[in-house]
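One structure is given below, encoded as C-alpha coordinates.
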Amino acid sequence: MDASNETQDRRQQRMQLAASFKAFLLKNSTESNLNLYDHLTQLLMKVMAEHPHNAVDVIEDMSRDVKRGLFQDMQSTLRDLPQTTAAELLAEQQCLLFSRPEDRDQEEELVETPLPNVSEIGFNLEQAGVSLGREEMQRIFLALKQLVESQALPRCRLWGKILGTESSYIVAEAECREGEEDGEQSTDEAPEDEDREAETQESEMDPLPESTYKPPPVVPKETTGTEQIIVARQIRKFFTGRLDTPIVSYPPFPGNEANYLRAQIARISASTQVSPQGFYQAGEEEGDEEDEVPRDSYEVNPDFEGIPVTEMVESLSFWVHHVQHILQQGRCTWMNLTVKPGEESNEEGEADEKEEEPDEPEPEVGPPLLTPLSQDAEMFNSPPWSSKLSSTLTSQHAVAVLRSNLWPGAYAYTCGKKFENIYVGWGVKYAGEGYIPPVPPLPQKEYPSGADITETLDPTLEEEQVLQEALEEQQAAQEEMEEAEEEEEDDD
(Lines give C-alpha, C1' and ligand atoms only; values in the text may rest on other atoms or scores of the structure.)
Protein backbone atom coordinates (compact mmCIF):
# COMPACT_ATOMS: atom_id res chain seq x y z
CA MET A 1 0.00 0.00 0.00
CA ASP A 2 2.81 2.37 0.82
CA ALA A 3 4.57 1.77 -2.54
CA SER A 4 1.43 2.32 -4.55
CA ASN A 5 0.75 5.53 -2.67
CA GLU A 6 4.26 6.82 -3.44
CA THR A 7 3.88 6.11 -7.17
CA GLN A 8 0.55 7.92 -7.24
CA ASP A 9 2.08 10.91 -5.46
CA ARG A 10 4.97 11.01 -7.96
CA ARG A 11 2.54 10.75 -10.87
CA GLN A 12 0.51 13.62 -9.51
CA GLN A 13 3.65 15.72 -9.03
CA ARG A 14 4.72 15.02 -12.59
CA MET A 15 1.30 15.95 -13.91
CA GLN A 16 1.38 19.17 -11.88
CA LEU A 17 4.85 19.99 -13.23
CA ALA A 18 3.71 19.24 -16.77
CA ALA A 19 0.63 21.41 -16.35
CA SER A 20 2.65 24.25 -14.92
CA PHE A 21 5.24 23.94 -17.72
CA LYS A 22 2.46 23.87 -20.34
CA ALA A 23 0.97 26.96 -18.75
CA PHE A 24 4.39 28.56 -19.03
CA LEU A 25 4.62 27.64 -22.73
CA LEU A 26 1.12 29.02 -23.36
CA LYS A 27 2.04 32.39 -21.87
CA ASN A 28 1.79 35.02 -24.64
CA SER A 29 4.61 37.43 -25.39
CA THR A 30 4.04 41.08 -24.54
CA GLU A 31 5.62 42.17 -27.85
CA SER A 32 4.34 39.75 -30.50
CA ASN A 33 1.30 38.30 -28.66
CA LEU A 34 2.52 34.76 -29.56
CA ASN A 35 3.31 31.84 -27.27
CA LEU A 36 6.03 29.22 -27.42
CA TYR A 37 3.63 26.25 -27.29
CA ASP A 38 1.85 27.13 -30.52
CA HIS A 39 5.12 28.10 -32.19
CA LEU A 40 6.77 24.74 -31.36
CA THR A 41 3.65 22.91 -32.48
CA GLN A 42 3.65 24.64 -35.87
CA LEU A 43 7.40 24.18 -36.19
CA LEU A 44 7.17 20.42 -35.57
CA MET A 45 4.29 20.15 -38.02
CA LYS A 46 6.44 21.98 -40.62
CA VAL A 47 9.33 19.58 -39.97
CA MET A 48 7.05 16.53 -40.34
CA ALA A 49 5.54 17.93 -43.54
CA GLU A 50 8.80 18.93 -45.28
CA HIS A 51 11.31 16.40 -43.88
CA PRO A 52 14.25 18.75 -44.50
CA HIS A 53 17.78 17.40 -44.89
CA ASN A 54 19.89 18.06 -41.81
CA ALA A 55 16.92 19.40 -39.91
CA VAL A 56 19.02 20.29 -36.90
CA ASP A 57 21.06 22.73 -39.04
CA VAL A 58 18.07 24.51 -40.54
CA ILE A 59 15.74 24.51 -37.56
CA GLU A 60 16.50 28.18 -36.83
CA ASP A 61 15.64 29.23 -40.40
CA MET A 62 12.42 27.20 -40.29
CA SER A 63 11.48 28.86 -37.00
CA ARG A 64 12.05 32.26 -38.59
CA ASP A 65 9.88 31.30 -41.58
CA VAL A 66 7.06 30.23 -39.25
CA LYS A 67 7.16 33.57 -37.45
CA ARG A 68 7.32 35.48 -40.72
CA GLY A 69 4.31 33.63 -42.07
CA LEU A 70 2.27 34.63 -39.03
CA PHE A 71 3.24 38.28 -39.34
CA GLN A 72 2.52 38.38 -43.07
CA ASP A 73 -1.03 37.21 -42.39
CA MET A 74 -1.45 39.89 -39.78
CA GLN A 75 -0.19 42.74 -42.00
CA SER A 76 -2.66 45.01 -43.78
CA THR A 77 -2.95 44.83 -47.54
CA LEU A 78 -3.06 48.69 -47.71
CA ARG A 79 0.63 49.41 -47.42
CA ASP A 80 2.31 52.80 -47.74
CA LEU A 81 4.02 53.38 -51.04
CA PRO A 82 7.82 53.65 -50.73
CA GLN A 83 9.19 57.16 -51.08
CA THR A 84 10.87 57.88 -54.38
CA THR A 85 14.50 58.84 -53.95
CA ALA A 86 16.28 61.63 -55.82
CA ALA A 87 18.28 59.07 -57.77
CA GLU A 88 15.09 57.36 -58.97
CA LEU A 89 13.55 60.68 -60.03
CA LEU A 90 16.71 61.56 -61.94
CA ALA A 91 16.69 58.14 -63.61
CA GLU A 92 13.09 58.63 -64.71
CA GLN A 93 13.93 62.02 -66.22
CA GLN A 94 17.01 60.72 -68.02
CA CYS A 95 15.27 57.59 -69.28
CA LEU A 96 13.91 59.56 -72.24
CA LEU A 97 17.46 60.38 -73.32
CA PHE A 98 18.15 56.72 -74.05
CA SER A 99 14.89 56.04 -75.89
CA ARG A 100 14.85 55.96 -79.67
CA PRO A 101 11.80 56.40 -81.90
CA GLU A 102 10.96 53.26 -83.82
CA ASP A 103 10.05 55.07 -87.03
CA ARG A 104 13.44 56.72 -87.42
CA ASP A 105 15.38 55.55 -90.43
CA GLN A 106 18.94 54.48 -90.04
CA GLU A 107 19.98 56.75 -92.89
CA GLU A 108 19.17 59.84 -90.82
CA GLU A 109 21.96 58.99 -88.41
CA LEU A 110 24.52 59.36 -91.20
CA VAL A 111 23.48 62.95 -91.98
CA GLU A 112 25.85 65.66 -90.71
CA THR A 113 24.72 66.80 -87.26
CA PRO A 114 25.08 70.31 -85.76
CA LEU A 115 26.44 68.69 -82.59
CA PRO A 116 30.19 68.38 -82.05
CA ASN A 117 31.84 65.11 -81.16
CA VAL A 118 31.35 65.25 -77.40
CA SER A 119 33.26 62.01 -76.85
CA GLU A 120 36.34 63.41 -78.57
CA ILE A 121 36.00 66.69 -76.68
CA GLY A 122 35.69 64.80 -73.40
CA PHE A 123 38.83 62.79 -74.18
CA ASN A 124 40.85 65.91 -74.99
CA LEU A 125 39.57 67.64 -71.86
CA GLU A 126 40.74 64.68 -69.81
CA GLN A 127 44.19 65.17 -71.29
CA ALA A 128 44.00 68.81 -70.24
CA GLY A 129 43.07 67.84 -66.68
CA VAL A 130 39.41 68.89 -66.92
CA SER A 131 36.70 66.25 -66.86
CA LEU A 132 33.05 65.91 -65.99
CA GLY A 133 33.23 62.14 -66.13
CA ARG A 134 32.59 59.97 -69.17
CA GLU A 135 29.16 58.90 -67.96
CA GLU A 136 28.02 62.51 -67.42
CA MET A 137 29.52 63.60 -70.75
CA GLN A 138 27.50 60.90 -72.52
CA ARG A 139 24.29 62.02 -70.84
CA ILE A 140 25.08 65.64 -71.77
CA PHE A 141 25.60 64.61 -75.40
CA LEU A 142 22.22 62.85 -75.45
CA ALA A 143 20.57 65.90 -73.85
CA LEU A 144 22.11 68.22 -76.44
CA LYS A 145 20.98 65.88 -79.18
CA GLN A 146 17.42 65.98 -77.86
CA LEU A 147 17.59 69.79 -77.66
CA VAL A 148 18.78 70.12 -81.25
CA GLU A 149 16.08 67.79 -82.54
CA SER A 150 13.27 69.46 -80.61
CA GLN A 151 14.25 73.06 -81.42
CA ALA A 152 15.79 72.50 -84.88
CA LEU A 153 18.93 74.42 -83.94
CA PRO A 154 21.59 75.00 -86.61
CA ARG A 155 24.45 74.69 -84.09
CA CYS A 156 24.81 73.66 -80.47
CA ARG A 157 27.78 73.02 -78.19
CA LEU A 158 28.56 72.41 -74.53
CA TRP A 159 29.49 75.75 -72.97
CA GLY A 160 30.29 74.40 -69.52
CA LYS A 161 29.01 73.73 -66.03
CA ILE A 162 28.38 76.33 -63.32
CA LEU A 163 28.39 74.88 -59.84
CA GLY A 164 25.81 75.78 -57.21
CA THR A 165 25.29 75.26 -53.51
CA GLU A 166 22.22 73.05 -54.02
CA SER A 167 22.54 71.92 -57.65
CA SER A 168 24.54 72.85 -60.74
CA TYR A 169 23.77 74.25 -64.19
CA ILE A 170 24.75 72.54 -67.44
CA VAL A 171 24.99 75.37 -70.00
CA ALA A 172 24.60 74.83 -73.75
CA GLU A 173 25.48 77.46 -76.34
CA ALA A 174 23.33 77.46 -79.48
CA GLU A 175 22.53 79.61 -82.47
CA CYS A 176 18.95 80.63 -83.15
CA ARG A 177 17.30 80.09 -86.49
CA GLU A 178 17.02 82.99 -88.87
CA GLY A 179 14.06 85.24 -88.13
CA GLU A 180 13.81 84.41 -84.40
CA GLU A 181 16.11 87.18 -83.18
CA ASP A 182 13.79 89.95 -84.41
CA GLY A 183 10.82 88.61 -82.47
CA GLU A 184 11.69 90.27 -79.16
CA GLN A 185 10.84 93.96 -79.26
CA SER A 186 9.68 96.15 -76.40
CA THR A 187 7.92 99.50 -76.46
CA ASP A 188 7.50 101.94 -73.60
CA GLU A 189 4.88 104.26 -75.13
CA ALA A 190 2.04 103.45 -72.74
CA PRO A 191 3.83 104.56 -69.55
CA GLU A 192 4.77 107.85 -71.23
CA ASP A 193 1.11 108.57 -72.03
CA GLU A 194 0.13 107.88 -68.44
CA ASP A 195 2.84 110.24 -67.20
CA ARG A 196 1.58 113.00 -69.50
CA GLU A 197 -1.97 112.60 -68.19
CA ALA A 198 -0.71 112.79 -64.63
CA GLU A 199 1.26 115.96 -65.44
CA THR A 200 -1.83 117.69 -66.91
CA GLN A 201 -3.86 116.82 -63.81
CA GLU A 202 -1.19 118.22 -61.53
CA SER A 203 -0.95 121.45 -63.57
CA GLU A 204 -4.69 122.13 -63.07
CA MET A 205 -4.22 121.93 -59.30
CA ASP A 206 -2.00 124.12 -57.14
CA PRO A 207 1.58 124.25 -58.47
CA LEU A 208 4.04 122.10 -56.54
CA PRO A 209 7.75 122.83 -56.08
CA GLU A 210 9.76 121.26 -58.84
CA SER A 211 12.71 119.05 -58.03
CA THR A 212 16.06 119.83 -59.58
CA TYR A 213 17.20 116.19 -59.38
CA LYS A 214 17.90 114.57 -62.72
CA PRO A 215 18.25 110.79 -62.72
CA PRO A 216 21.12 109.30 -64.69
CA PRO A 217 20.22 108.36 -68.23
CA VAL A 218 19.10 104.77 -68.76
CA VAL A 219 21.38 102.79 -71.00
CA PRO A 220 19.22 101.31 -73.77
CA LYS A 221 19.36 97.61 -74.46
CA GLU A 222 21.17 96.14 -77.39
CA THR A 223 19.85 93.61 -79.81
CA THR A 224 19.27 89.99 -78.88
CA GLY A 225 22.50 88.25 -77.98
CA THR A 226 24.14 90.93 -75.82
CA GLU A 227 23.72 91.80 -72.16
CA GLN A 228 23.80 94.66 -69.66
CA ILE A 229 26.12 93.72 -66.85
CA ILE A 230 26.71 96.84 -64.79
CA VAL A 231 25.36 95.50 -61.48
CA ALA A 232 26.72 92.00 -62.04
CA ARG A 233 30.23 93.47 -62.05
CA GLN A 234 29.67 95.06 -58.63
CA ILE A 235 28.47 91.98 -56.70
CA ARG A 236 29.78 88.53 -55.88
CA LYS A 237 27.22 85.79 -55.32
CA PHE A 238 27.29 82.01 -55.42
CA PHE A 239 24.56 80.25 -57.36
CA THR A 240 22.04 78.04 -55.60
CA GLY A 241 20.90 75.99 -58.60
CA ARG A 242 17.33 77.36 -58.59
CA LEU A 243 16.53 79.87 -61.34
CA ASP A 244 13.75 81.64 -59.42
CA THR A 245 15.94 82.47 -56.41
CA PRO A 246 16.01 86.24 -55.71
CA ILE A 247 19.41 87.91 -55.69
CA VAL A 248 19.88 89.76 -52.40
CA SER A 249 22.84 92.09 -52.81
CA TYR A 250 24.03 95.66 -52.69
CA PRO A 251 23.71 97.38 -55.04
CA PRO A 252 20.38 95.66 -55.72
CA PHE A 253 20.40 93.34 -58.70
CA PRO A 254 17.39 93.86 -61.03
CA GLY A 255 16.31 90.26 -61.45
CA ASN A 256 16.53 86.76 -60.09
CA GLU A 257 19.17 84.05 -60.39
CA ALA A 258 18.21 83.33 -64.00
CA ASN A 259 19.14 86.89 -65.00
CA TYR A 260 22.31 86.82 -62.93
CA LEU A 261 23.28 83.50 -64.51
CA ARG A 262 22.87 84.95 -68.01
CA ALA A 263 24.94 88.00 -67.07
CA GLN A 264 27.78 85.89 -65.68
CA ILE A 265 27.77 83.63 -68.74
CA ALA A 266 28.15 86.71 -70.95
CA ARG A 267 31.02 88.04 -68.82
CA ILE A 268 32.85 84.72 -68.82
CA SER A 269 32.39 84.28 -72.57
CA ALA A 270 33.67 87.78 -73.34
CA SER A 271 36.81 87.19 -71.28
CA THR A 272 37.67 83.53 -71.84
CA GLN A 273 36.35 82.42 -75.24
CA VAL A 274 39.57 82.15 -77.26
CA SER A 275 40.77 80.42 -80.42
CA PRO A 276 44.06 79.87 -82.29
CA GLN A 277 45.22 82.80 -84.35
CA GLY A 278 44.13 82.40 -87.95
CA PHE A 279 41.23 80.02 -87.29
CA TYR A 280 38.80 82.94 -87.68
CA GLN A 281 39.09 85.91 -89.97
CA ALA A 282 37.24 89.20 -90.03
CA GLY A 283 33.93 88.96 -91.83
CA GLU A 284 33.30 91.03 -94.92
CA GLU A 285 30.36 93.37 -94.31
CA GLU A 286 28.81 95.46 -97.03
CA GLY A 287 28.82 99.21 -96.52
CA ASP A 288 31.76 99.30 -94.08
CA GLU A 289 34.01 101.62 -96.01
CA GLU A 290 35.61 103.23 -92.97
CA ASP A 291 38.50 101.31 -91.53
CA GLU A 292 38.09 102.90 -88.08
CA VAL A 293 34.79 101.17 -87.42
CA PRO A 294 35.45 98.03 -85.33
CA ARG A 295 34.12 94.84 -86.82
CA ASP A 296 31.75 92.73 -84.76
CA SER A 297 31.63 89.60 -86.93
CA TYR A 298 34.01 86.91 -88.09
CA GLU A 299 33.99 83.77 -90.16
CA VAL A 300 35.95 80.55 -90.29
CA ASN A 301 39.14 80.73 -92.28
CA PRO A 302 39.11 77.81 -94.74
CA ASP A 303 42.88 78.14 -95.30
CA PHE A 304 43.78 77.59 -91.63
CA GLU A 305 46.40 74.85 -91.37
CA GLY A 306 46.91 74.75 -87.62
CA ILE A 307 49.73 75.86 -85.34
CA PRO A 308 52.14 73.49 -83.57
CA VAL A 309 51.16 72.92 -79.95
CA THR A 310 54.63 73.85 -78.72
CA GLU A 311 54.27 77.32 -80.21
CA MET A 312 50.77 77.66 -78.75
CA VAL A 313 52.21 76.96 -75.31
CA GLU A 314 55.26 79.19 -75.59
CA SER A 315 53.50 82.41 -76.67
CA LEU A 316 50.06 83.87 -75.97
CA SER A 317 50.26 85.80 -79.24
CA PHE A 318 48.97 82.69 -81.03
CA TRP A 319 45.68 82.86 -79.07
CA VAL A 320 43.01 85.50 -79.83
CA HIS A 321 39.64 86.57 -78.42
CA HIS A 322 36.72 85.85 -80.75
CA VAL A 323 33.93 87.29 -78.52
CA GLN A 324 33.24 91.02 -78.29
CA HIS A 325 34.52 92.94 -75.27
CA ILE A 326 31.88 94.32 -72.86
CA LEU A 327 32.26 98.04 -72.16
CA GLN A 328 31.64 99.83 -68.86
CA GLN A 329 28.11 100.65 -70.04
CA GLY A 330 27.29 96.95 -70.00
CA ARG A 331 27.09 96.97 -73.81
CA CYS A 332 29.36 95.82 -76.58
CA THR A 333 28.83 99.01 -78.59
CA TRP A 334 29.11 102.44 -76.98
CA MET A 335 26.13 104.82 -76.99
CA ASN A 336 26.18 108.57 -76.37
CA LEU A 337 23.67 109.07 -73.55
CA THR A 338 23.72 112.89 -73.83
CA VAL A 339 22.08 112.80 -77.27
CA LYS A 340 18.37 112.09 -77.24
CA PRO A 341 16.81 110.02 -80.02
CA GLY A 342 14.93 113.01 -81.54
CA GLU A 343 17.83 115.43 -81.57
CA GLU A 344 19.61 113.96 -84.57
CA SER A 345 16.97 115.22 -87.03
CA ASN A 346 16.96 118.83 -85.75
CA GLU A 347 18.08 121.83 -87.75
CA GLU A 348 21.74 122.58 -88.34
CA GLY A 349 21.70 125.66 -86.11
CA GLU A 350 20.62 123.71 -83.07
CA ALA A 351 23.21 121.05 -83.82
CA ASP A 352 25.97 123.68 -83.93
CA GLU A 353 24.91 125.04 -80.55
CA LYS A 354 25.07 121.61 -78.95
CA GLU A 355 28.45 120.89 -80.42
CA GLU A 356 29.82 123.86 -78.49
CA GLU A 357 28.82 122.30 -75.16
CA PRO A 358 31.92 121.14 -73.24
CA ASP A 359 30.20 118.13 -71.57
CA GLU A 360 30.36 115.91 -74.62
CA PRO A 361 31.70 112.50 -73.38
CA GLU A 362 34.46 110.69 -75.17
CA PRO A 363 33.32 107.48 -76.83
CA GLU A 364 34.52 104.30 -75.16
CA VAL A 365 36.23 101.85 -77.47
CA GLY A 366 37.17 98.34 -76.42
CA PRO A 367 39.69 96.00 -77.98
CA PRO A 368 38.61 94.75 -81.40
CA LEU A 369 37.79 91.17 -82.24
CA LEU A 370 40.64 88.69 -82.72
CA THR A 371 42.92 90.59 -80.35
CA PRO A 372 45.89 88.48 -79.14
CA LEU A 373 45.91 87.36 -75.53
CA SER A 374 49.36 88.85 -75.08
CA GLN A 375 47.67 92.28 -74.86
CA ASP A 376 45.51 91.31 -71.88
CA ALA A 377 46.24 93.36 -68.78
CA GLU A 378 47.47 91.84 -65.55
CA MET A 379 45.34 91.96 -62.43
CA PHE A 380 46.51 91.65 -58.82
CA ASN A 381 50.11 91.22 -60.02
CA SER A 382 49.30 87.89 -61.67
CA PRO A 383 49.26 86.95 -65.37
CA PRO A 384 45.78 86.54 -66.84
CA TRP A 385 46.59 83.21 -68.52
CA SER A 386 48.64 80.08 -67.93
CA SER A 387 49.57 77.61 -70.66
CA LYS A 388 51.04 74.11 -70.64
CA LEU A 389 51.33 70.87 -72.59
CA SER A 390 49.03 68.05 -71.59
CA SER A 391 52.00 65.66 -71.58
CA THR A 392 55.73 66.28 -71.85
CA LEU A 393 56.50 62.56 -72.26
CA THR A 394 54.47 62.14 -75.46
CA SER A 395 54.54 65.67 -76.81
CA GLN A 396 53.81 64.51 -80.36
CA HIS A 397 50.31 63.46 -79.22
CA ALA A 398 49.80 66.20 -76.61
CA VAL A 399 47.38 69.10 -76.73
CA ALA A 400 48.06 72.74 -75.82
CA VAL A 401 46.10 73.73 -72.71
CA LEU A 402 45.21 77.29 -71.73
CA ARG A 403 43.84 78.20 -68.30
CA SER A 404 42.35 81.54 -67.23
CA ASN A 405 43.58 82.97 -63.94
CA LEU A 406 40.91 85.71 -63.84
CA TRP A 407 37.99 83.29 -64.19
CA PRO A 408 39.04 80.09 -62.39
CA GLY A 409 37.50 77.14 -64.22
CA ALA A 410 37.83 78.48 -67.79
CA TYR A 411 39.97 76.27 -70.05
CA ALA A 412 40.78 76.02 -73.73
CA TYR A 413 42.72 73.44 -75.68
CA THR A 414 43.90 73.06 -79.26
CA CYS A 415 45.39 70.26 -81.29
CA GLY A 416 45.92 70.61 -85.01
CA LYS A 417 42.94 72.34 -86.58
CA LYS A 418 40.62 71.69 -83.63
CA PHE A 419 40.09 73.70 -80.47
CA GLU A 420 37.44 73.96 -77.76
CA ASN A 421 36.52 76.18 -74.81
CA ILE A 422 34.82 75.05 -71.61
CA TYR A 423 34.07 76.48 -68.20
CA VAL A 424 33.64 74.40 -65.03
CA GLY A 425 33.51 76.59 -61.94
CA TRP A 426 31.44 78.63 -59.51
CA GLY A 427 30.84 81.57 -61.84
CA VAL A 428 32.84 84.00 -59.68
CA LYS A 429 35.75 86.10 -60.89
CA TYR A 430 39.10 86.09 -59.12
CA ALA A 431 39.25 89.10 -56.78
CA GLY A 432 42.76 88.77 -55.42
CA GLU A 433 43.84 87.44 -52.08
CA GLY A 434 41.50 87.90 -49.14
CA TYR A 435 42.08 90.52 -46.49
CA ILE A 436 44.83 89.55 -44.06
CA PRO A 437 45.10 91.74 -40.93
CA PRO A 438 48.59 93.14 -40.34
CA VAL A 439 50.85 91.56 -37.75
CA PRO A 440 50.92 93.60 -34.51
CA PRO A 441 54.17 95.53 -33.92
CA LEU A 442 56.86 94.27 -31.55
CA PRO A 443 56.49 95.34 -27.90
CA GLN A 444 58.48 98.43 -26.97
CA LYS A 445 61.64 98.10 -24.90
CA GLU A 446 61.74 99.06 -21.24
CA TYR A 447 63.04 102.58 -20.49
CA PRO A 448 66.78 102.38 -19.63
CA SER A 449 67.46 102.89 -15.94
CA GLY A 450 70.06 105.46 -14.74
CA ALA A 451 71.00 107.83 -11.95
CA ASP A 452 68.44 110.42 -13.03
CA ILE A 453 65.45 108.14 -12.95
CA THR A 454 66.47 105.64 -10.28
CA GLU A 455 64.05 105.64 -7.37
CA THR A 456 65.69 106.79 -4.11
CA LEU A 457 65.35 105.02 -0.80
CA ASP A 458 63.05 106.37 1.88
CA PRO A 459 64.93 108.32 4.60
CA THR A 460 65.12 107.03 8.16
CA LEU A 461 63.49 108.75 11.14
CA GLU A 462 66.77 110.29 12.33
CA GLU A 463 67.46 111.70 8.82
CA GLU A 464 63.97 113.21 8.68
CA GLN A 465 64.46 114.91 12.09
CA VAL A 466 67.86 116.32 11.06
CA LEU A 467 66.37 117.60 7.78
CA GLN A 468 63.43 119.15 9.63
CA GLU A 469 65.74 120.95 12.10
CA ALA A 470 67.86 122.27 9.23
CA LEU A 471 64.76 123.57 7.45
CA GLU A 472 63.53 125.26 10.65
CA GLU A 473 66.92 126.95 11.20
CA GLN A 474 66.96 128.09 7.59
CA GLN A 475 63.45 129.51 7.95
CA ALA A 476 64.38 131.30 11.22
CA ALA A 477 67.45 132.85 9.62
CA GLN A 478 65.31 134.00 6.70
CA GLU A 479 62.85 135.69 9.06
CA GLU A 480 65.67 137.48 11.00
CA MET A 481 67.08 138.85 7.76
CA GLU A 482 63.67 140.18 6.75
CA GLU A 483 63.15 141.87 10.16
CA ALA A 484 66.61 143.49 9.97
CA GLU A 485 65.86 144.90 6.55
CA GLU A 486 62.54 146.30 7.73
CA GLU A 487 64.27 148.05 10.69
CA GLU A 488 66.86 149.64 8.40
CA GLU A 489 64.10 150.98 6.18
CA ASP A 490 62.33 152.50 9.21
CA ASP A 491 65.54 154.26 10.34
CA ASP A 492 66.00 155.78 6.94
Side-chain angles (χ1 to χ4, degrees), residues 128 130 159-160 162 219 222 225-237 251 260 262-282 291-298 307 311-336 361-389 400-414 419-436:
V130 186
W159 183 89
I162 292 185
V219 180
E222 291 183 302
T226 54
E227 289 292 324
Q228 294 184 3
I229 320 162
I230 298 176
V231 181
R233 284 172 166 169
Q234 303 174 11
I235 63 176
R236 291 174 60 85
K237 297 285 290 186
Y260 181 61
R262 182 63 187 91
Q264 292 299 92
I265 290 175
R267 294 181 62 196
I268 296 172
S269 298
S271 301
T272 63
Q273 295 287 308
V274 297
S275 58
Q277 187 181 29
F279 186 89
Y280 293 113
Q281 61 183 2
D291 297 338
E292 297 180 357
V293 178
R295 297 181 179 271
D296 57 354
S297 63
Y298 56 86
I307 303 175
E311 298 182 8
M312 300 293 294
V313 172
E314 292 174 356
S315 176
L316 295 177
S317 300
F318 294 104
W319 296 88
V320 297
H321 292 278
H322 60 261
V323 177
Q324 281 186 291
H325 177 74
I326 301 178
L327 305 178
Q328 294 297 326
Q329 287 185 338
R331 296 165 49 96
C332 295
T333 55
W334 183 80
M335 172 170 284
N336 189 357
E362 295 183 1
E364 182 184 2
V365 179
L369 281 177
L370 308 182
T371 301
L373 269 60
S374 57
Q375 300 182 11
D376 290 2
E378 294 186 359
M379 293 186 67
F380 309 106
N381 297 325
S382 62
W385 299 93
S386 298
S387 59
K388 68 173 184 178
L389 273 178
V401 183
L402 194 66
R403 177 173 60 88
S404 174
N405 297 327
L406 301 182
W407 289 96
Y411 292 87
Y413 76 86
T414 180
F419 78 96
E420 190 61 42
N421 293 271
I422 194 170
Y423 178 83
V424 182
W426 293 94
V428 178
K429 190 177 182 179
Y430 176 67
E433 297 181 357
Y435 173 74
I436 301 177

Calculate, to the nearest 0.5 Å, the distance between atoms [atom1] and [atom2] belonging to [X] and [Y] respectively.
X: Tyr430; Y: Ser404; atom1: OH; atom2: OG; result: 12.0 Å
X: Leu327; Y: Trp334; atom1: CG; atom2: CH2; result: 10.0 Å
X: Trp426; Y: Ile162; atom1: CH2; atom2: CD1; result: 11.5 Å
X: Thr333; Y: His325; atom1: OG1; atom2: NE2; result: 12.5 Å

Inset, instruction - Run the numbers on Tyr413 and Val130 for side chain to side chain contact (heavy atoms under 4.5 Å, CB included), then give the verdict. - result: CA-CA 10 Å; Tyr413 76 86; Val130 186; over 6 Å; no
Answer yes or no: is there a donor N or O on one side and an acceptor on the other, between the side chain of [X] and the main chain of [Y], under 3.5 Å?
X: Gln264; Y: Gly427; value: yes
X: Arg267; Y: Lys429; value: no
X: Glu364; Y: Gln328; value: yes

Validation: residues 372-379 side-chain donor-acceptor distances under 3.5 Å, sequence neighbours left out:
from: Ser374; atom 1: OG; to: Ser317; atom 2: OG; distance (Å): 3.3
from: Asp376; atom 1: OD1; to: His321; atom 2: NE2; distance (Å): 3.2
from: Asp376; atom 1: OD2; to: His321; atom 2: NE2; distance (Å): 3.0
from: Asp376; atom 1: OD2; to: Trp385; atom 2: NE1; distance (Å): 2.9

Looking only at heavy atoms, which two atoms of [X] and [Y] are closest? And how far apart?
X: Ala412; Y: Val274; value: CB-CG2, 3.7 Å
X: Ala410; Y: Tyr423; value: N-CD1, 3.5 Å
X: Asn405; Y: Ser386; value: ND2-OG, 3.0 Å
X: Glu311; Y: Phe318; value: O-CD1, 3.3 Å
X: Lys237; Y: Val428; value: O-CG2, 3.8 Å

Would you check if [X] and [Y] make a side-chain contact, meaning some heavy-atom pair closer than 4.5 Å?
X: Met312; Y: Pro276; value: yes
X: Leu402; Y: Leu316; value: yes
X: Thr414; Y: Trp319; value: yes

Inset, instruction - Taking atom types as modelled, find out whether Thr272 and Asn421 have a side-chain donor-acceptor pair closer than 3.5 angstrom. - result: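 The criterion, which ignores hydrogens and geometry beyond distance, is not satisfied for Asn421 and Thr272.
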Legend entry - Flag for Ser269-Trp159: side-chain donor and acceptor within less than 3.5 Å: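 There is such a pair between these side chains.
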Inset, instruction - Just say parallel, tilted or perpendicular for the rings of His322 and Tyr280, cut-offs at 30° and 60°. - result: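 Ring orientation of His322 relative to Tyr280: tilted.
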Legend entry - Residues Phe380, Glu433; criterion side chain to side chain contact (heavy atoms under 4.5 Å, CB included); working and verdict: CA-CA 8 Å; Phe380 309 106; Glu433 297 181 357; over 6 Å; no
